[in-house]
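Scroll down for the structure; my scribbles are underneath it.
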Amino acid sequence: MRVCLGIADAYEGPMQSPGEAGPVMSEALARDVVKEIPPKAADLSAWYTAACLKAELVSYSPVRGCVVLRPYGFGLWENLQKHLDERFKATGHENAYFPLFIPESLLVREAEHVEGFAPEVAWVTQGGSEKLTERLAIRPTSEAIIGVMYAQWIESYRDLPVLINQWSNVVRWEKATRPFLRTMEFLWQEGHTAHASAEEAREETLRILELYRDFAENVAAIPVYVGRKSASERFPGAVETFSIEALMPDGKALQSGTSHDLGQNFAKAYDITFVDADRAIKHAYTTSWGVSWRMLGGLIMVHGDDRGLRIPPRMAPIEAVVIPIVRSNDDRAVEASRATAERLRKAGFRVRVDERDAQPGWKYSEWDLRGVPVRIEIGPRDVDAQTVVLARRDRERDQPGQRQSVALAELPGTLRELLEDIQRSLHSQAKAHLDAHTFVAPDRAEFFRLCKERAGMVDIAWCERPECEAHVKAETTATTRVLRALDEPAAVCLVCGEPAKVRAYFAQSY
RNA sequence: CGGGGCGUGGCUCAGCUUGGUAGAGCGCUUCGUUCGGGACGAAGAGGUCGCACGUUCAAAUCGUGUCGCCCCGACCA
C-alpha cells in the first residue's frame, strides 16, 4: 500500500555517513523535529490540526463541518470500540440500533431536553419533492426515540433492567470544525438503560463512569478526574451527570465521557411504565452515557510531541512497523522482515512491513509522525547476527534505551514487554503533567489568577451556587469540571465565603 | 454567531498594490545509482487561480455575493 504525505521537504540536516550507522545517533540528528508540523508547545491548535492531517487520521471534506475518517483514524476508532464494547458486554449490555430521524413531536416531549439541544439540531423538512407535514430531527442524541421504544417494550418489573448500547453517528449543528473535537457529525456510543429503582439506576450510572475511567486510564493512557457535574454543566433533562475530565497540554480540560442518571424525567416524558412486584404501576428509572471520538482528540493532544503522534500501544492500529534496510547488493532484509512480521502476527501482534522504495530515515520520520509505538529495523547486520533493532516512540531520539538490539529468538517476549512498558510510560508522563498542573488554590486572588491564566485544574472548596459559578466564568472563563465530596465539613467557598458544599475542580474547557 | 486572517498543480507558497492570458521548491511518473534518522542524476506529467455574478477590449489580479478553512471569543460531546 502506498502512503503519501503531502509534504516531505528535503531533509536539511547533516547526513550520517552510510556504513557508520548504528544504534548511536549523532547529536545533530537527534533534533526531535519534523518538518510537516509546527512545534507542539508553540501553538497547540496548529500542531493538533497538522498532526491529525499529516498522520492521515482525517481529511477535511467538501462538506462544511464534516471530516473524513481515514483508515488509520478509523483503526484508532476501532480499537476504542473494541475495548469499550468488551467492557459493555462484560457488564451485561447488548448492542442495538435506532433510527437516525426523530419526529419533532417526540423530541419535544421532555422540555429541558429540547431546550438544551434546540440550537444545534439539524432538521429535515422535505422528502423528495414533498414538504413533510412534520419535521424530522437528525438525532443529536437518542433519548427520545429510545424512550418511545422502551415504553413499548417494558411492561413488568420482570422486563427490567433493559441494558442497551448503540454505536452510531449523531449531528449537532456546529459553527467551527476541529478534527475529533468539534465536527457537525461525529461518531460515538450511547448507552441507554432502564431500571426498576432509583438506586439501581444510580448504580448503573456510576458503574459506567468507572468503566470509562478504567478505559481512559488503562487503554488510552489518559489520566482523568472523575466526579459529578454542577447544575449548569448537567445534561439537559438529567437528574445528575457524571463525567471524566482530562487535562490538555494548553491547560484546558476535555470532558471525555459522560454518564447521566436521568431519574424518572424521561420515563415520565415518554411514558415508560411497568407493573412492579407490589402490583403498582411505576415509572422506570433511566440512564444514558456516552463516549465520542472526541476522546481520540484528547489522546492525540495528551501524548503527542514535536515529532507527531504517540499512540499508546493498546490503542495503536499498528503496534510495530518493520523497516527493512537493503543495500544495492543485499536485499536479504526484505525476506527477513516479512518472516519476522509473519511470526509476530501469529503471536498476536499488529504489525506492518514498510517495503516502499524510500530511504529508511524517511520512513522512520513518517512512522514517528503517525505514532507507531515500536519500530523494528532489520538490516544486513541483523540478518547476519539473527537480531533486530527495536526503537521505542515514547523516548526522545538521544535518550538512553530508545533503541536496542534484540536476538530474533527473544523478539516476541521482548516486544510484548516493551509495548507494555510504553503503555505505562505514556500514562505516567501524562499523569506527571496532570499532577504538575493541578493546584489547590490557597486564596481567592490566586484562584482567579490560576483560572484566568489557564494553569490547569484548580481545586477549591465551593458553595455550589449557580450564581457563584457564573461569576467565576464571567471573570475568568473557567467553569467547574467535576465536583466531589467535601473533606472538611466546616469549609467555606473560596470564591464567595458562603458555606462550602463540595470540592470542585475549575478549569477552562474545550 | 461576533473579531481577525486565508483560499493559485498533491503540499508549502510567490504573482494581486500599478489588469495583458500562470511560476518556484518539494511531492508524483519512468529509468539508473542508492538505502542503519527525511538520497542523487536524467527525462516527464500535472493548474477552468474555491465558486457565482459583475466591471473591462482583456480578470488570479478590481467590485459584489457565496462557500470553505485557520486563529481568538460565545455554545456544545
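No hydrogens, no waters, no symmetry mates; every other heavy atom, side chains included, goes into these values. Naming: A, B, ... by sequence-line order, numbering from 1 per chain.
In this structure, A:Arg454 and A:Trp293 both approach RNA chain B, and ranking their closest nucleotides by distance from the 5' end singles out A:Arg454. Between A:Pro179 and A:Pro380, it is A:Pro380 whose nearest contact on RNA chain B lies nearer the 5' terminus.
Distance noted for atom P between B:U8 and B:C13: 9 Å (whole Å). Comparing B:C6 with B:A60, their C1' atoms sit 15 Å apart, to the nearest whole Å. For B:U56 and B:U61, the P atoms lie 16 Å apart once the distance is rounded to whole Å. Look at the C1' atom in both B:U55 and B:C75: the space between them is 42 Å, to the nearest Å. If you take atom P in B:C11 and the same atom in B:C53, they sit 25 Å apart, rounded to whole Å. Between B:A59 and B:G41, the distance separating the two P atoms is 41 Å to the nearest Å. Separation of the P atoms belonging to B:G50 and B:G15 is 15 Å when rounded to the nearest angstrom. The P atoms of B:C26 and B:C40 are separated by 9 Å, rounded to the nearest whole Å.
Nucleic acid contact class of A:Gly290 (heavy atoms, under 4.0 Å, all strands): none. Among the heavy atoms of the strands lying under 4.0 Å from A:Ala358 is at least one base atom, whether or not backbone atoms are also near. Across all strands, A:Tyr510 comes closer than 4.0 Å to base atoms (heavy-atom distances). Across all strands shown, A:Thr183 has heavy atoms under 4.0 Å from base atoms, whether or not it also approaches the sugar-phosphate. The residue A:Phe235 sits apart from the nucleic acid: no heavy atom pair falls under 4.0 Å. If you check every strand for non-hydrogen atoms under 4.0 Å, A:Asp368 touches a base. Among the protein residues, A:Thr141 comes within range of no part of the nucleic acid, since none of its heavy atoms lies under 4.0 Å from any strand. Backbone-only engagement by A:Gln255 is indicated by non-hydrogen atom pairs under 4.0 Å involving sugar-phosphate atoms exclusively. At a threshold of 4.0 angstrom between heavy atoms, the contacts of A:Ser256 with the nucleic acid are absent. As judged by a 4.0 angstrom heavy-atom cut-off over every strand, A:Gly65 is placed among residues touching the sugar-phosphate backbone only.
The nucleotide whose nearest atom lies closest to any side-chain atom of A:Ser328 is, among B:U34, B:C11, B:C76, B:U34. For A:Lys473, the side-chain atoms get nearest to B:C75 when compared with the rest of B:C75, B:G38, B:C69. You'll find that the side chain of A:Arg172 is closest to B:C76, out of B:C76, B:A74, B:C70. The listed nucleotides are B:G37, B:A77, B:C71; the one nearest the side chain of A:Arg307 is B:G37. Relative to the side chain of A:Phe186, the nucleotides B:A77, B:C70, B:C11 differ in distance, and B:A77 lies closest. Comparing B:C35, B:C75, B:A74 by their nearest atom to the side chain of A:Ile325 picks out B:C35. Closest to the side chain of A:Arg182, out of B:C76, B:G37, B:C35, is B:C76. Side-chain proximity of A:Thr258 to the nucleotides B:C70, B:A77, B:G37 is greatest for B:A77. Closest contact between the side chain of A:Ser45 and the listed nucleotides B:A77, B:C71, B:G73 involves B:C71. The listed nucleotides are B:U34, B:G37, B:C11; the one nearest the side chain of A:Gln402 is B:G37.
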For this session: Please step through salt bridge (Lys or Arg N to Asp or Glu O under 4.0 Å) for the pair A:Arg207 and A:Glu204, ending with a clear verdict.
Result: CA-CA 5 Å; A:Arg207 180 180 303 119; A:Glu204 167 75 2; 2.7 Å; yes

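Relative ring orientation between A:His83 and A:Phe215 is described as tilted, the plane-to-plane angle lying within the 30° to 60° band.
Under 4.0 angstrom from either OP1 or OP2 of B:G37 there lies no side-chain N or O belonging to A:Arg393. Listed pair A:Ser365 / B:G37 fails the phosphate criterion, with no side-chain N or O lying under 4.0 Å from OP1 or OP2. A close approach under 4.0 Å does occur between a side-chain nitrogen or oxygen of A:Gln359 and OP1 or OP2 of B:A39.
For A:Arg481 and A:Tyr225, the positive end is not near the middle of the six-membered ring at less than 6.0 Å and at most 45° from its axis. No cation-pi contact links A:Arg375 to A:Trp367, judged by a cut-off of 6.0 Å to the six-membered ring centre and 45° from its axis.
In this structure, A:Tyr60 forms no aromatic stack with the base of B:G68, since the conditions of centre separation below 5.5 Å and plane angle below 30° are not both met.
A donor and an acceptor atom never sit less than 3.5 Å apart when one is taken from the side chain of A:Arg403 and the other from the base of B:G37.
Taking the six-membered ring for Trp, A:Trp77 and A:Phe180 have ring centres at least 6.0 Å apart.
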